[in-house]
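Data block below; observations after.
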Amino acid sequence: MSNTTIRNLLAGILTAIFSATLFDAIFHISDMIYPGVSFIYNTLGTQIAPNMVTVVIFDFRAYDTLGESIILLTAGLVVLLIFGRGLLGDKR
Amino acid sequence: MNELIPLMVIVPLMAALLISAFSKFNTVTKIFAFVVAICLPIIPLLSNYGLHYFGGYEPMINDAVKMMYHPAITYSFTFLQQIFIGAVGLLTFLVIFIYLTKYRKVSGPYLFLLFLGTAAVTAMILTDDIFHMFVFFEILALAQVGIVAASSIDYSYEMALKYMVLGSIGSPMMLLGIGFLLALTGSVNVTDIAAAVHNGLVDATSPVFLLSLALIFFGWLYASGLPPFHTIKSGIYSKAEPHGAALLQSFTVISMISIVLIMFRIYASLPIFEVLIVFFSILAMILGVSLALTQTDFRRMIGFLAVGELGFIGLGIGLGTNFSITAGLFQALNEIVITALLFIGFGAIVNATNEVDTRKLGGLLAYHPKVAIMLLIGGLAMAGVPPLSGFQSKLMLVQASLSCGFPEISILAIMVSIATFVVFVKTYYTMFLKPKPNDLELEGKDVPRAMIFAMGVLLIIVILLGIFPDVVTNGISNFVGGIL
Amino acid sequence: MLEIILCIVIILSAILALIQKDLLKAAILTGIAGASVAVLFQVLLAPDVALTQAIVEGAIIPIFIALAVKKTQRSDG
Amino acid sequence: MANVQLVILLTSVALVVIGLYSAIFIDNIIKKIIGISFIEEGVNLFIVAIGYKAGGVVPILMPGMDTSWFASNAAYPLPFGLVLTSIVIGASTLAVMLALVMVLYRRYGTLSTKVMLADTSKKEEYDE
């Protein structure tokens with residue numbers, strides 16, 4: 001039992017340190033934000049379609065959107081698999 | 001033929017979709033899966049090196065800061081990508097071949113997941129875009145969980161859920177790190193981020209930049225199964241079908257090197273980065289081997305040994321010189337081949353005896369001599385015995401750590417190699433050489449031919465790489481010279 | 001002012017969802033947090049993301065969790 | 001008037017911390033999963049807050065807007081596009097986890113992680 005107590009204590013300390021670091025970083029980051037390539041999207045995208053977000057997800061980064069839809073499909077298939085459809089061949 | 005670069009991802013992806021849609025027609029599915037699987041290692045061999053910009057958006061100059069920007073997702077294909085995609089493609093072909101000959105009725109979702117995993121790792125190593133890598137990393141995680149859950153081995157669901165819960169903590173952390181990088185540099189393209197860091201646009205000592213390193217590093221530890229995730233990673237290998245495990249470990253190795261190369265290009269200027277990698281790699285080496293010593297389930301044993309071997313890769317990359325990174329990447333290639341050989345070989349034993357406990361096995365040499373000899377060579381290659389391929393990469397690693405001025409690390413690496421050898425020989429002795437226990441039934445059970453064939457192919461690669469390592473190392477060395 | 005109220009609502013409902021004994025209530029509180037985050041996205045000038053978030057985190061995920069709770073057990077924190 | 005972006009960034013990190021805490025320390029598996037959904041939500045909120053621009057407009061070109069004025073005043077669209085993808089990813093992984101929980105509940109009759117996800121090697125010895 002004492003083993004789990006020590007482990008919990010260690011995890012607690014690590015989580016506390018991590019959250020403190022995270023909050024500290026947030027105070028710094030709000031004046032370090034740099035638009036970079038997003039600004040280019042706002043300049044270029046107006047020639048393609050009026051909504052910049054759709055320009056990003058369906059033109060510049062359409063391949064990510066393909067990945068997203070594949071994930072949705074995979075999740076559906078894996079859920080079906082977990083409920084017992086299409087488990088491995090002859091074993092069932 | 002630069003047009004072939006996106007096809008390396010698209011072909012397995014489309015194959016996966018078509019197979020899952022038409023899995024009712026058994027024979028057609030089998031033939032189709034076989035044909036696509038043969039194409040997988042061939043496409044990277046035919047393709048030319050180069051860059052591919054999706055949507056045709058070439059990089060453009062930003063007038064404000066006079067810097068290049070990549071607006072669209074970029075794939076870069078060099079010798080390194082070619083050799084790793086070729087290796088994983090060949091392995092996928094062998095695994096699918098074993099699977100198709102093992103079961104009379106194929107399972108559509110399982111084939112879908114095998115192809116999907118291959119597509120995901122291919123995209124991960126090709127891409128030059130950190131968010132795109134994250135998307136395919138998530139696809140890979142789901143595919144791994146599916147492969148484990150489909151195996152219907154005892155406790156596979158528990159292992160899948162455990163892996164999933166840890167993964168759902170690890171991958172948002174990685175996304176948070178990507179978010180920090182996006183905030184600092186305004187881009188998710190690795191070349192742009194690296195340029196911004198090297199040109200001083202980002203303050204490399206700021207705590208935010210360090211935190212982004214820590215978060216992505218945490219995601220990397222989860223992806224590659226280094227400590228503290230070593231038990232879960234070896235656990236999912238042991239809960240998958242043996243041929244599935246052979247593929248899963250190659251996924252792990254490739255996701256590990258693709259993430260670590262991206263991190264290397266961004267964070268190489270930070271001294272703490274290399275210290276972190278070397279620390280976790282040494283931890284993985286020691287923990288992997290020492291935990292492997294205590295296992296009685298030989299699949300679990302190989303899993304832990306594989307984690308220990310991952311430490312060698314990390315060590316090579318963490319030392320940070322051209323020679324050591326080449327050695328680490330060469331070790332990664334060797335590990336993919338050798339561990340796959342071991343998993344398939346031990347899988348053949350599981351197939352023939354229905355037993356995974358080493359204490360209940362014995363005397364298998366007389367019944368399965370081919371498997372025994374190939375497994376012995378594979379184990380020796382993993383432990384680093386000349387003239388096999390594991391020896392060449394480990395020798396390079398030891399030389400690299402000596403020339404960097406860390407003799408302690410080279411001594412440690414040699415000791416871990418010896419320990420690997422001891423663990424392997426101990427297991428091998430109890431399984432193959434010790435007299436057969438009385439209650440073990442072995443008569444009339446045969447090893448599938450497909451497994452022997454797959455092991456033979458992998459063995460040829462091991463021996464060829466051991467005799468002619470220059471074929472691979474020269475090309476990798478050129479690649480490493482490009483990113484340093 | 002709206003965003004500060006929303007932030008307080010989000011954090012409160014997140015904490016309440018985790019100390020709740022009744023898992024169905026926890027699912028509903030998750031939905032409330034998700035919907036409030038969707039409104040925050042609207043405040044942050046991202047209406048497209050807000051729409052997706054409202055559907056996915058505000059409706060689909062609570063329904064999934066409620067379904068899981070219905071198939072397993074309702075109480076126990 | 002407080003800085004909107006800073007408040008929202010702090011909220012997002014608070015969500016991440018709450019989720020992380022629950023995912024590590026709470027025993028009930030469904031609550032663990034709820035915590036994980038909070039982590040994902042927090043990360044999404046963080047990335048969207050990066051794209052915010054104080055005093056800016058929604059990145060949709062309305063009729064009659066000047067394009068150069070729009071380019072310098074609209075919020076940044078790249079983070080928004082990324083978040084649209086990551087929301088769906090989060091929901092998919094959540095669905096898979098809940099399905100696994102439903103199946104495992106039938107076997108164990110409890111939602112406690114200590115029982116359900118105990119070290120499998122110990123479990124096998126116990127069975128023998």
Side-chain angles (χ1 to χ4, degrees), chain B residues 71 129-132 134-139 141-142 145-146 148-149 153-184 186-189 211 215 231-232 234-236 238-239 291 294-297 300 356-357, chain D residues 9 12-13 15-16 19-20 22-24 29 32-33 35-51 76 78-79 81-83 85-86 88-90 92-104 106-108 113 115-121 123-125 127-128:
Chain B
D129 189 292
I130 194 163
F131 186 78
H132 188 66
F134 171 78
V135 171
F136 277 88
F137 175 60
E138 287 280 354
I139 295 181
L142 274 181
V145 166
V148 173
I153 292 174
D154 293 348
Y155 303 115
S156 67
Y157 280 20
E158 284 87 339
M159 201 51 94
L161 181 59
K162 233 191 222 177
Y163 186 68
M164 200 85 207
V165 168
L166 282 178
S168 319
I169 300 171
S171 48
M173 287 300 139
M174 195 156 119
L175 185 58
L176 195 59
I178 293 171
F180 275 115
L181 278 182
L182 175 65
L184 290 176
S187 174
V188 283
N189 189 287
L211 187 62
L215 291 165
T231 42
I232 184 75
S234 62
I236 69 162
S238 69
K239 297 302 173 208
L291 285 172
T294 61
Q295 297 301 316
T296 53
D297 177 347
R300 201 86 203 241
V356 294
D357 195 335
Chain D
L9 281 172
S12 72
V13 173
L15 265 180
V16 171
L20 202 60
S22 72
I24 293 173
I29 186 75
K32 250 191 211 302
I33 291 175
I36 285 166
S37 87
F38 285 145
I39 299 181
E40 276 155 3
E41 226 162 278
V43 174
N44 290 342
L45 190 57
F46 174 81
I47 296 180
V48 171
I50 290 169
Y76 311 130
L78 176 63
L82 302 188
V83 167
T85 309
S86 96
V88 175
I89 293 175
S92 311
T93 47
L94 207 76
V96 173
M97 276 192 284
L98 286 173
L100 279 169
V101 168
M102 282 188 222
V103 174
L104 286 180
R106 267 183 238 153
R107 198 174 300 164
Y108 293 101
T113 327
V115 180
M116 203 187 266
L117 299 183
D119 199 358
T120 43
S121 57
K123 243 185 243 174
E124 276 156 15
E125 280 167 19
D127 283 357
E128 288 163 11

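Here is the naming used below: chain letters follow the sequence lines, and residue numbers restart at 1 for every chain.
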Distance-minimising heavy-atom pair for [X] and [Y]:
| X | Y | answer |
| --- | --- | --- |
| B:Ser187 | B:Leu182 | N-CD1, 3.8 Å |
| D:Met97 | B:Ser168 | CE-OG, 3.3 Å |
| D:Gly90 | D:Glu40 | CA-OE1, 3.5 Å |

Side chain, backbone, both or neither of [X] within contact of chain B (heavy atoms, under 4.5 Å):
| X | value |
| --- | --- |
| D:Leu104 | side chain |
| D:Ile33 | neither |
| D:Thr85 | side chain |

Atom group of B:Leu142 that falls short of 4.5 Å from chain D, counting heavy atoms: side chain
Part of B:Phe180 lying under 4.5 Å from any heavy atom of chain D: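 Both parts, heavy atoms under 4.5 Å.
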Which of B:Ile178, B:Val135, B:Val165 touches chain D most, by non-hydrogen pairs under 4.5 Å: B:Val165
Heavy-atom side-chain proximity of D:Leu82 to B:Phe134 below 4.5 angstrom: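 D:Leu82 does not reach B:Phe134 side chain to side chain.
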Check: D:Leu20 and B:Met173 side chains under 4.5 Å, non-hydrogen atoms: yes
Max heavy-atom pair count under 4.5 Å with chain B, selected residue of D:Ile39, D:Ile89, D:Leu78: D:Ile89
Donor + acceptor pair across side chains of B:Glu138, B:Ser171 (<3.5 Å):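 Yes, a side-chain donor-acceptor pair sits under 3.5 Å.
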